[in-house]
Structure formats: C-alpha cells, structure tokens
Amino acid sequence: MQKPSIPKGTRDFTPLEMANRNYIFDTIKEVFRLYGFQQIETPAMENLSTLMGKYGEEGDKLLFKILNSGDFLNQVPEGELSTLSSLQLTGKISEKGLRYDLTVPFARFVVQNRDKISFPFKRYQIQPVWRADRPQKGRYREFYQCDVDVVGSDSLLNELELIQIVDEVYRRLNIRVVLKLNNRKILSGIAEMIGEAEKITDITVAIDKLDKIGLEKVNEEIASKGISKEAIALLQPILLLSGTNAEKLEQLKSVLAGSEIGLKGIEEISTIIGLCETMKIDTPIELDLTLARGLNYYTGAIFEVKALDVQIGSITGGGRYDNLTGVFGMEGVSGVGISFGADRIYDVLNQLELYPETSAEQTRLLFVSFGWKELNYCLAWAAQLRKLGINTEVYPEPAKMKKQMSYADGKKIPFVAIVGETEMIAGKVMLKDMKSGQQQLVSREELIATLGNAE
RNA sequence: GUGGUCAUAGCUCAGUUGGUUAGAGCGUCGGAUUGUGGUUCCGAAGGUCGCGGGUUCGAGCCCCGUUUUCCACCCCA
C-alpha cells in the first residue's frame, strides 16, 4: 500500500475550511458585484506562447509547463536530445502551461472576445493560479486570486473605485489594513532625473528593499549595478522622503521638477488621493515610493494592501497597465486592476480568529430511525422540509441509536427527529433539541414551525 | 535557484549513552446502556519509525544519499 500524498505547496480543504473560504469568496464577490463587475472564467491551462515573456525571466521559470500528450519526443530532432538545453527542450516537448495569474489570461480574453465586449469592460475572476515557487509562509504553489479589472478607460475614477472596493472588502472582513500607493511614472521620473533611465528596474528593486536592509545597503546595491556616485547622491532626498502624503508630494515635486513623466505621476497620485479624501475612504492610504512591484507591465498607479495585525506578505496588489493587450495585437487599451489573495486573507482570518458563526451551510435537522419502514416514512417528511428550504438529512440506514445520535452530535446538527413504530402510528416524530436535550412528540406543522422560528 | 530545518499510529507528540516485545493523549471501533448524543468507565484495532544505502554483534537513535515539511533569501498573492 502506498502512502497517500499531495504535491508540495498544495492543500486539501475540509468542510470547515471550505465554509470559511466561501465566506471570503462570497464577501469579495458581493462587493465586486456592488460596483457592476461581471464574472468570467478562463481555462486552467493556456498556450505557453500566451504566458511566456509576460512575467520577466523569473516568471518564465516559475511557470508550470504541461508535457505534450502522446509521443512528446517526436518534435525533438534525431540525436539532439542530449545536446539541447533544458529551455530549448521544453519548447519542443511542451506547448501548454498552467496560468500564473489572472491578468494575462484576461488580456488574452479581451482581445479574443472583443466583439462580445463593450468598453469600459469591468470583469471579475476568481480562480486558482499556479506557480512553481518554493512554498513557505503565505506562499503556495496553487492558490486563488480574486481579480477585478477595468479595461478600456483611463479615467482615474477607476483607480478610485478599486480603492473603494478594497476599503469595503476589508471593512466587511474586519481586517485592519493599510493601502500603499505609488506610481510607476514617478519611478520613471526618478530614473530620468538622475540620468539612468534604463536602470529603472534595478533602482526600483533596490528601493523596494529599503525597510528590509536599510539605506546604506540599498546604496551599495545601486552602486553595484553600475550607477554613478552623482546619480546616487541625487537619489538620497527621494529615499529619505518623510511626512504626510501631501508633504511627500511637495518634496517630490521639487525634486522631479525637470521630469515631465515624473510630474505626470505626481499629478495622478494627487488626484487619486484627493478623490479618496472626498469619498472619505476609511482605509489609511500611504504614498510609498519603495513600492515597486515586480511585474513589469504596470505603467501608472501601483497598489498594495498589507494587513496591520499579521506578519504576512501583501494580501492584495495591483496597478494600471497601459498596453497589456498590445502584445496580443490590440493597441491602445488601458486597464487597471487589483487582485485579492484569498489564501493569504484566509491565513490572516485564521490567525486573528475573525470568522463569523457560519451556520448557513449546516444541516438543521437529522432524521433518526429504527428500521427500513421508518426510513421510508422519514423520506416524505424530509422532502417537504427541503422544499421549504430547511437543510435536512436522513440517516441512510437503521443503525444503532447511539451511532446515529453521535453523527448528529459530531456534525453539530441542532435538531434530531426520532422515528420508531410509536411515532409512525401517531403520524408524528419525536423532535429532540440537541442543545437542551429536551424532546417532544410533534406533528409536521409543529416541526416546521419550530425549525422556522429558530432561524 | 541558494541556505537552514523537520519526518515515529488517522492526528498531536514521547522514546534515556545505540540494547529484549516502540509508548501516550486525541480520534476510530466494540461494550457498560438491544429507543437517545455531547460526560464517565472498560476493552480492541491501528506502526516497513519517510525512502535507499552504510557503520555495528545490535540502529527509531550514528553516517551518507534522496524525498517531504516548515522557514529565510530571490521573487511574489
């Protein structure tokens, strides 16, 4: 006999865990719909040509690739099996991969279905994604993302709407969060100002580490990328920005005075923060220049949400991408979106023990009986209760009472209807309240009334 | 990809300097109680000690390899 196991970084979910997870999904969905977003789904697997090159070199490595079916070696030229590099070989034996996120498949979806879509297109999508990462705290190889995106509108009101959604979702889930905000254009402006426009990626990656490794190490890292002393000196006031959002923006404005794109970024972020103030968003919003976000397709606003009371990576992130559909041949469509990490939210809720009593999915009544005749009698009663929307179970065999009662107890079923010959003759059932232990002989109407009232 | 760490019953874990037959709690099943659960009492089932090799008279324990767990880095939800 083999020991059962599941691949690393994946998980099973028990009924209790599913009830808790559904609470998250339902909350998020409800809020999405409140803003007029509509659900779509895309396949678990995409063609590798759709996925490759969209997430940078690292991302390509983290893609799960699917081996071609059939004789997958027949595309490999004779005798080249040992001479090809792994990368060249995967190109020959695999043409599909599991999706890495929901944004790129969505971009593909938009381009492919543009005839059925009217813009601006607001969609949400809740599906698992897969990454061949090393699993660790808050990191899985299979996890759910809950994406909301708007494409076909470059209005900053879309950014506002996403922030409102973040605000509402975390209010409902009772999680205290901070929303960090940045703008890729500001980062570009900074790179431009110090004359290192091409090194923007290196600079943002280094800046991102500021609170982890400190100013000195960040400067070292930037220097190691071949950036001049003068440029690093120019960077310092930016790394040392402080004060309120408004103060930071003022300081930035003078530093970036010479950069058109930088000023544009500042203007955008000011507008967004202004809108949030008007709409009285509760969630604290913090301008954070160290927020770079690895994905290279962002072009404008960048968001990230962190839980205040739990040490875990970001639980929501996103931003604006101006031309994601461009690679699929549809130019000039700007989009902005965010992604809620359901699994991390689940971990946060678990750690804070914030789950509400989830009774909606529970069985309310179990029929316990002594023989097949009684079981038949119960079936009719159960059918009627279910018609009335009462979650009802019939224990499927006339097992010992103790066994049937333990089943009800283990499943925390609040009411049990016991049926023996006496009850059948009387046309009633013995209804037992499992909490109080009290029981009485009741008619069908009385049973329905009791279960109805206890809702 | 790099570094560390863990692995013993279904679950959580004990297991002495390497020494006879590897233990406990919980859970499961049976009984006390043949029409009553959650409490109590009694009993039973359940183990290739992750896997492979090595050292030894002898390995759950020591060594090597491998896989897995968890964690950190990279990166990210």
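Lettering of chains follows the sequences in order, A, B, ..., and the numbering in each one begins at 1.
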Which whole number of Å gives the distance between the C1' atom of B/A24 and that of B/U8?
13 Å

Minimal heavy-atom distance between A/Trp381 and A/Ser443, with the atoms involved, is CH2-C, 3.9 Å

Rounded to whole Å, the CG-P distance (A/Leu441 to B/U36) equals 17 Å

Atom CD1 of A/Ile315 and atom C1' of B/C76 are separated, to the nearest Å, by 14 Å

* Is the shortest side-chain N to carboxylate O distance from A/Glu30 to A/Arg172 below 4.0 Å? -> yes

Tested for side-chain hydrogen bond (donor to acceptor under 3.5 Å, both in side chains) against A/Thr299, the lone hit among A/Asn183, A/Asn323, A/Asp322 is A/Asp322

A/Ile24 atom CD1 is separated from B/A77 atom C1', nearest whole Å, by 13 Å

With hydrogens left out and only the distance checked, is there a donor-acceptor pair under 3.5 Å joining A/Asp409's side chain and the base of B/G37?
yes

(Q) Is it the case that the base of B/G1 and the side chain of A/Glu58 share a donor-acceptor contact (distance under 3.5 Å, atom types as modelled)? (A) no

Per nearest nucleotide of RNA chain B, the residue lying toward the 5' end, A/Arg141 or A/Met405, is A/Met405

Inset, instruction - Please state whether the phosphate of B/G30, meaning OP1 or OP2, lies under 4.0 angstrom from any side-chain nitrogen or oxygen of A/Lys400. - result: no

Rounded to whole Å, CG of A/Leu62 lies from C1' of B/C76 at a distance of 9 Å

Need one value for A/Ser5: base, sugar-phosphate or nothing, where a base atom within 4.0 Å counts as base even if backbone is also close, heavy atoms only.
nothing

Smallest heavy-atom separation, A/Val394 atom then A/Cys378 atom, equals CG1-CB, 4.2 Å

*asked:* Under 3.5 Å, is there any donor-acceptor pair linking the side chain of A/Thr422 to the base of B/G35?
replied: yes

| message | Between B/U5 and B/A45, how far apart are the two P atoms, rounded to whole Å? | response | 40 Å

(Q) Check this for me: does the side-chain of A/Gln439 come within 3.5 Å of the base of B/U36 through a donor and an acceptor? (A) yes

- Using a cut-off of 4.0 Å on non-hydrogen atoms, how would the nucleic acid contact of A/Gln438 be classed: base, sugar-phosphate, or nothing? nothing

- Is it true that A/Lys122 and A/Glu161 have a side-chain N and a carboxylate O under 4.0 angstrom from each other? yes

(Q) If I pick the C1' atom on B/C42 and the same atom on B/C6, what distance separates them, to the nearest angstrom? (A) 38 Å

- Query: When rounded to the nearest Å, what value does the distance between C1' atoms of B/U16 and B/U12 take?
  - Reply: 22 Å

Using a 6.0 Å distance limit plus a 45 degree cone around the ring axis, check whether A/Arg131 lies over the aromatic ring of A/Phe64. no

Regarding the side chain of A/Lys8, the nearest nucleotide among B/G35, B/U68, B/A77 is B/U68

Check your understanding: Does A/Lys432 get its side chain close enough to the base of B/U36, under 3.5 Å, for a donor-acceptor pair?
Key -> yes

* To do: Would you classify A/Gly138 as touching base, sugar-phosphate or nothing, given that sugar-phosphate means primed atoms plus P, OP1 and OP2, and contacts are heavy atoms under 4.0 Å?
  => base

Please work out if A/Lys411 contacts a base, only the sugar-phosphate, or nothing of the nucleic acid, heavy-atom cut-off 4.0 Å. nothing

field: Carboxylate-amine/guanidinium contact A/Arg21 A/Asp343, below 4.0 Å
entry: yes

Considering only heavy side-chain atoms of A/Gln145, the closest of B/G35, B/G37, B/A77 is B/A77

Rounded to whole Å, the CE-C1' distance (A/Met424 to B/G35) equals 15 Å

Rounded C1' spacing from B/U67 to B/C51 in Å
7 Å

When rounded to whole Å, the CD to P distance for the pair A/Glu304 and B/C75 reads 13 Å

To the nearest angstrom, the NZ-P distance between A/Lys402 and B/G30 comes to 9 Å

Regarding the side chain of A/Met430, the nearest nucleotide among B/U69, B/U36, B/A77 is B/U36

For a quick check of understanding: with a heavy-atom distance under 4.0 Å over all strands, which category does A/Tyr144 fall into, base, sugar-phosphate or nothing? nothing

**Request:** Quote, to the nearest angstrom, the C1' distance that separates B/G47 from B/G23.
**Result:** 11 Å

Is the ring centre of A/Phe143 under 5.5 Å from the base ring centre of B/A77, and are the two planes under 30° apart, so that they stack?
yes

- [ ] Measure from NZ or CZ of A/Arg123 to the centre of the six-membered ring of A/Phe106 and say whether it is under 6.0 Å with the direction within 45° of the ring axis.
- [x] yes

How far does the P atom of B/A7 sit from the matching atom of B/C76, given to the nearest Å? 33 Å

(Q) On the side chain of A/Arg139, is there an atom forming a donor-acceptor pair with the base of B/C75 - under 3.5 Å, no angle test? (A) yes

query = Which value, in whole Å, describes the distance between the P atoms of nucleotides B/C49 and B/C62?
reply = 16 Å

Notebook entry, point to check: Base, sugar-phosphate, or nothing: which does A/Gly437 touch, judged by heavy atoms less than 4.0 Å apart?
Noted result: base

A/Arg99 CZ to B/C76 P, in whole Å, measures 20 Å

Quiz item: Does OP1 or OP2 of B/A72 have a side-chain N or O of A/Gln136 closer than 4.0 Å?
Solution: yes

Among B/U36, B/C29, B/C76, the one nearest any side-chain atom of A/Lys403 is B/C29

